[in-house]
Amino acid sequence: MNVTAIIPIKNGEQFILDSTRAVLENMRSTDEIIYINDNSTDRSLNMLREISKREKNIRVINNPGSGIVDALNFGIANSRNNWIARFDIDDLYSKERIEKQRKLISEGVAAIFCDYMFIDENLS
C-alpha cells in the first residue's frame with residue numbers, strides 16, 4: 001500500500017532539511033511526498049525545488065489559494081495514492097511512524113491516527 005505524505009509549508013526554510021530527512025526515513029521509495037508551498041516569501045520554495053531534483057519521490061507544488069486548509073486540500077487533490085500521511089514542516093517524527101500506521105490499513109479502515117508529544121526548540 002503506497003502512501004502520500006502531505007506537507008504544507010510557509011516560510012519554513014529553517015526546518016526543511018530536518019523535516020525532509022525525517023519524512024524520507026518514514027516513507028518507502030514507492031511512496032510519494034508532496035510539499036505544498038503556501039506562498040512562502042523566504043527561500044523555502046527554492047530549497048524544496050533543489051531537494052526534489054535529487055529525491056525522485058518528492059514533488060513541490062504551489063498552493064493556488066492561501067492558508068493551510070487550501071494547501072492541504074490542494075495537496076490531497078494532487079495525491080496519487082489513496083492513503084495520506086499528514087506531516088508538518090516543523091515537527092519531528094519517529095522513524096517507525098508510517099510503518100506502524102501502514103500495518104493498520106485494512107478493509108473498512110478510513111483513518112489512522114497517532115499519538116503526539118509537545119516539545120520546544122530545545123527538545124525538552
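Atoms considered below: every heavy atom in the structure, side chains included; atoms not considered: hydrogens, waters and symmetry mates.
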A side-chain contact here means heavy atoms from C-beta on lying under 4.5 Å apart; do I51 and I58 qualify? yes

Using only atom types and a distance under 3.5 Å, with no angle test, would you say the side chain of D38 pairs donor to acceptor with the backbone of G67? yes

Donor-acceptor pair, side chain of N26 and main chain of A22, under 3.5 angstrom: yes

Compare all side-chain heavy atoms of N57 with those of L24 and state whether any distance is below 4.5 angstrom. yes

Are N37 and N62 linked by a side-chain donor-acceptor pair shorter than 3.5 Å? yes

Could you tell me whether a side-chain N or O of S19 sits under 3.5 Å from a main-chain N or O of I16, the two making a donor and an acceptor? no

Pairing donors with acceptors under 3.5 angstrom, does anything connect the side chains of N81 and S79? no

As an exercise, state the distance from CZ of R49 to CZ of R59, rounded to the nearest 0.5 Å. 14.0 Å

When rounded to the nearest 0.5 angstrom, what is the spacing between CD1 in I36 and CD1 in I6? 4.5 Å

To the nearest 0.5 Å, what is the distance between CE on M27 and CD on E55? 12.5 Å

Please answer whether the main-chain N or O of S66 pairs with a side-chain N or O of D70 as donor and acceptor at a distance below 3.5 Å. yes

Measuring only between side-chain heavy atoms, which start at C-beta, is P64 closer than 4.5 Å to F74? yes

Joint hydrophobic cluster, V23 plus I34, side-chain heavy atoms closer than 4.5 Å: no

Sub-3.5 Å donor-acceptor pair from the side chain of E25 to the main-chain atoms of K95, do we have one? no

Ignoring hydrogens and geometry, is there a side-chain-to-backbone donor-acceptor pair from R80 to V3 under 3.5 Å? no

For E13 versus S44, what's the shortest heavy-atom pair and its separation? N-OG, 3.1 Å

Is there a chain of hydrophobic side chains (I, L, V, M, F, W, Y, each step under 4.5 Å between heavy atoms) that links W83 to F87? yes

Pair T20, Y35: side-chain N/O donor-acceptor within cut-off below 3.5 Å: yes

Distance check, rounded to the nearest 0.5 Å: I7 atom CD1 versus I89 atom CD1? 6.0 Å

Tell me the closest heavy-atom pair linking N39 and N63, and the distance in Å. OD1-O, 4.0 Å

